[in-house]
Amino acid sequence: GSNSVNVFLGLGLPWLLAVIWKSVDGTGPYKVGTFNLEFSVVLFVIVAVFAIITLVVRRFTVGGELGGNNIVKFSTGSICLLLWSTYIVVASLKAYGLINIGS
C-alpha cells in the first residue's frame with residue numbers, strides 16, 4: 001500500500017533523477033556507495049524478528065495480536081516503540097561513525 005509508494009517514490013525517484021542528471025551533465029556515472037547498508041539490513045532483520053516474536057507471544061498469551069487490557073496494549077506499544085528507537089539510534093550512530101560495529 002502506501003509504504004510501497006513511499007519506498008519506491010521516496011528512494012527511487014531521487015535516484016532516477018540523479019542518474020538522469022549525471023547522464024545529461026556528462027560527468028560520468030552516478031555511483032552510490034553501500035556504506036552501512038549491510039549493517040542496517042541485518043539490524044532491521046534482528047529488530048523485525050523481535051517484533052514478530054512479540055506478536056506471537058501476544059497471540060498465545062492474550063489471544064490475538066491486537067486488543068487486550070490497557071496494560072497489555074501499553075506494554076506491546078512500548079516494546080514496538082523501543083524496537084523502532086533502537087533501530088534508529090543504532091543505525092544513526094553507525095552511519096555517523098560514532099560506534100564501530102561489524103567493521
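Residue numbers count from 1 along this sequence.
Between the CZ atom of Phe50 and the CD1 atom of Ile79 there is a distance of 11.0 Å, given to the nearest 0.5 Å. Rounding to the nearest 0.5 Å gives a distance of 7.0 Å between NZ of Lys94 and CD1 of Ile99. With rounding to the nearest 0.5 angstrom, the CD1 atom of Ile53 is 10.0 Å from the CG atom of Leu83.
Both Leu16 and Val24 belong to a single network of hydrophobic side chains, linked directly or stepwise wherever heavy atoms of I, L, V, M, F, W or Y lie under 4.5 Å apart. Under a hydrophobic clustering in which Ile, Leu, Val, Met, Phe, Trp and Tyr are joined whenever their side-chain heavy atoms come within less than 4.5 Å, directly or via other members, Ile46 and Phe44 fall into the same cluster. Follow the hydrophobic side-chain contacts under 4.5 Å out from Trp84 and you reach Phe39 in the same cluster. Taking hydrophobic clusters as Ile, Leu, Val, Met, Phe, Trp and Tyr residues chained together by side-chain heavy-atom distances below 4.5 Å, Leu43 does not share a cluster with Ile52.
Val62 belongs to a hydrophobic cluster with Val72, counting contacts under 4.5 Å between side-chain heavy atoms of Ile, Leu, Val, Met, Phe, Trp and Tyr, direct or through other members.
Scored by the side chain to side chain donor-acceptor pair (under 3.5 Å) test, Thr76 finds Arg58 as partners (sequence neighbours excluded).
Other residues, nucleotides and ligands contribute at most 12 non-hydrogen atoms within 6.0 Å of the CD1 atom of Ile71.
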Going by atom type alone, with no hydrogens or angles, which donor-acceptor pairs under 3.5 Å involve a side-chain atom of residues 86-93 and a protein atom two or more places apart or on another chain?
{"residue": "Thr86", "atom": "OG1", "partner": "Leu82", "partner atom": "O", "Å": "2.7"}
{"residue": "Ser92", "atom": "OG", "partner": "Ile88", "partner atom": "O", "Å": "2.7"}

